[in-house]
Amino acid sequence: MKAGWELKPLRWLDEPVSIAPLVTLRVVVGAMLLFSTLRFMALGWVADHYISPSFHFKYFGFEWVEPLPAAGMYSVHLLLIAASCCVMLGLFYRLAAFVQFALFSYTELIDLTYYLNHYYFVSIVCALLIAVPANRAFSLDVLRNPSIRREQAPRWGIFIFQLQLGIVYFYAGLWKINTDWLLHALPLKIWVPANDRLPLIGVLFRQDWTPWLFSWAGMLYDVTIVFWLSWRRSRVWAYLTVVVFHTLTGLMFQIGVFPLVMVGATLVFFSNEWHERIWAGLGRVSSIPVPRLPIANRPASVGTGMAAGRTPRWLIALLALHFIFQVLFPWRYLLYPGNVFWTEEGYRFSWRVMLMEKAGTATFFVKDTRSGREGEVVNREFLNDHQEKQMAMQPDMILQFAHFLKNHYEQKGLHAPEIRAEVYATLNARPSRLLIDPKVDLGKIRDGWAHKTWILE
Amino acid sequence: MTMLNRKSLSLFLPGLAVLLLFHACSSDNGNGPSDSFDRQAMLRNYADNLIKPAYADLLGNTGSLRASVAAFNASPSTLELGALQTAWAAAYSSWQYANAYNFGPAGEEGLRKGLIEEIGTFPASKSKIEDAILSGQWNLQDFNRDARGFPAMEYLIFGENQNAAEVAGAYVTDANRRNYLAALADDLVDRVTEVSSAWNGPYYDAFIQNDGTDVGSSTSALYNEFVRSYEAIKNFKLGLPLGKRPGQTQTEPQLVEAYYSDASIPSLRIHFSAIEDIWYGRAKNGQDGIGFREYLESVEGGTALIASTETQLAAVKAALAAVPNQPGMSEQIAGDKTALENLYTELQKMTRFFKSDMSSLLGIAITFSSSDGD
């Protein structure tokens, strides 16, 4: 009896449900990556982000990731376009999904200063897509080989995306529960008036109370939205707020494709019947002979992508590990002393989104220890504006840049250069103050998981 | 379960309504500072009272400079040379008031760089200039920006370690030299005319209408170039000749701005007062208008930043006043550079107020890349 009870959640996860939501997700993610990559190229960002900079900030543990020469970087983006098309159409699906994940993640890992939570999210979704049989209906793979066609898929296939979205939203809301956000309406008090020229809604942004309204509504929204999306009776209204909320933030902030990502991804909360209706409808209007989908849930007679109980246990274990990591990793900030907004130790990969307005000015001093002569670096000589801006407020990037400078000037003939940095940062409109100890030789410090004692409180 | 859900929903929505109402009421008596800063009024002030007059002056003075070049070329005497040098100095002074506005018609476009790079790149390359004259061939649209503009003309009309007779004498026999000088003057006037006409034409309205804070907005463009111009004083006009860069093993007095005319110190003073004017939104004649300072007054934390900025502004001005007019900057750097070192230090202390504090408080986007979404 006991064993049976323990396996109940697993059985529930393996239960066959309609495959339609997975088909929607496959198409939405593929289309979104296609659009995002085309946009990235059209804006000339391949050159700006990967080719022009002479120095790239590395992710801790991924120091080996290097950009390719120009032709290589463009090829990667073209391949990414091809892969996302294949994912969208369900052609050579597993391979395409893997290539899509690998290439997108590669481009993200090249430079830490371009880190965005929503790119991290997209990377995770791409990885999860590899694991699900999303090509077994309404796909070119089915046209090529009708025998793989299924009307159903195990429930975990769609559940993992719901769970992932739930974690993202919930943590995004949870971290908003702090005094700056709720009691001082910061940083929205800075961001809202800066957007008071938006058409129609601009007038709202000129009101004193708007930052408080947005702060509280944003927090409540993030914490509870997955609940409202999951519940059948509130779903349509909740989705409407998803659209409104993300459109609003999309208008206010320079956040690129993010609103599109969320408006697309949250469709996974809609019912199987809803997704089936969509695809059945599309099947009717399109002239392509697409495999039919069941109009309503039927018994598991047709079979699932992976029949119940036959989901490999290693895959279940891998997914379980992923979600344990997702739940625990955002809390690592508790292991570090000080304010996580200031030190940023444990800030990234935790779904802390748009939480603070922070900026810094970092001046680096390089000293030739033989002659004693100390010079001041002009950051722009090595970094683009975006890299400089991100680096100047984040201690781990300051350290990386210091190491780069040490090597650079050592090669230029300076004797055992000593690197100091005078960094002033402002957080949520407070007067700027020293972020790190300006006397410490950063060249002698190694980055690691341990607390950075040279960050000033 | 459904009972609970319905209950939560019925709590959530009225809760939101109460919140809305609460804030709606409290806003009646609150006429807070974030209410109504008029960025269009600020942009209009900058356009009407700072930028357009700066380009008008510059256009007038570069026109006179071209006329002086023509007069000198017609009869290359020391007398005409003196007039030409005076005209160059006047035009270069008015350039200091215009050199911070490298956006819009003065910004980068295709192969053309910002106006400051096209006409203000220093030090001029003596070898490129002399090679062009020797060969009789030049292309003023190419990448050799250190062979045209104000600095190249300065080298040509002041000469290096030459007296006026020697400088003027070189033009008497050398037609290429006269033609090159004339070509530089034409190019200068053409470039300034293009920018000035745009400001007197459609760009003026476009500048004022584009009143957001996003990265393509006028406020962001003006702010970015303001900071860049400020940093240029510290890093290039002072830092480089003072030998402040890592890898420099000594001072390099010959790298000062306006080295041949010895106008470095007056240029620096004018450039700094132009920066100060942008901070205040103040016209050259002292008439104060709506500027970044007033903008800061309207935002969270702005008053504190204004106080720190103006305390430091006073320190910089004191340090600048302590720099003697004579001898010239390159001689001071080679000799007693205490006052210049001190000025450099005070300028460095100012950087963070302009560079990161201001954009952060004003919520101005300064780079193109996407930021985190929520």
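In this text, all values refer to a predicted model and were calculated from it rather than measured experimentally. Each chain gets a letter, A, B and so on, in the order its sequence line appears, and its residues count up from 1.
- With no hydrogens or angles considered, a side-chain donor-acceptor pair links A/S432 and B/D357 at under 3.5 Å.
- Chain A forms more heavy-atom pairs under 4.5 Å with one residue of B/Q248, B/R245, B/K244 than with any other, namely B/R245.
- Put simply, of A/K389, A/K412, A/Q390, A/E374, the one with the most heavy-atom pairs under 4.5 Å next to chain B is A/K389.
- Inter-residue side-chain proximity for A/E388 and B/K355 is flagged as met; some heavy-atom pair is nearer than 4.5 Å.
- Looking at B/F354, there are no atoms closer than 4.5 Å to chain A (heavy atoms on both sides), in backbone or side chain.
- The two residues B/Q348 and A/T363 come nearest to each other via the heavy atoms NE2-OG1, 3.0 Å.
- Taking A/Y120 as the reference, A/Q326 meet the side chain to side chain donor-acceptor pair (under 3.5 Å) condition, with sequence neighbours excluded.
- When B/T219, B/L305, B/T249, B/I366 are compared by the number of non-hydrogen pairs under 4.5 Å with chain A, B/T249 comes out ahead.
- In this structure, A/R232 places its CZ atom where only 12 or fewer heavy-atom neighbours from other residues, nucleotides or ligands lie under 6.0 Å away.
- Using a 4.5 Å cut-off between heavy atoms, B/L242 contacts chain A through its backbone alone, with no side-chain atom that close.
- Contacts with chain A were tallied for B/G301, B/G363, B/S360; B/S360 has the most, counting heavy-atom pairs under 4.5 Å.
- Interface remark: B/N210 contributes no atoms to any contact with chain A (heavy atom separation under 4.5 Å).
- Looking at B/N235 and A/E376, their side chains come closer than 4.5 Å, going by heavy atoms from C-beta outward.
- B/W279 is linked by a side chain to side chain donor-acceptor pair (under 3.5 Å) to B/E310, counting only residues two or more places apart in sequence or in another chain.
- Panel note: side chain A/R206, backbone B/F37; no donor-acceptor pair is recorded below 3.5 Å.
- Between chain A and the residues B/S356, B/P246, B/A304, B/G302, the largest count of heavy-atom pairs under 4.5 Å involves B/P246.
- Annotation: side chain of B/L361 is in contact with side chain of A/T426 (closest heavy-atom distance under 4.5 Å).
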- prompt: Between A/E422 and B/R352, does a salt bridge (Lys or Arg N to Asp or Glu O under 4.0 Å) hold up when you go through it step by step?
  reply: CA-CA 10 Å; A/E422 193 182 89; B/R352 64 175 155 132; over 6 Å; no
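- Annotation: side chain of B/R39 is in contact with side chain of A/D196 (closest heavy-atom distance under 4.5 Å).
- Using a 4.5 Å cut-off on side-chain heavy atoms (C-beta onward), B/K349 and A/Y424 make no contact.
- Two residues are said to be in side-chain contact when any heavy atoms from C-beta on lie closer than 4.5 Å; B/R228 and A/D385 meet this criterion.
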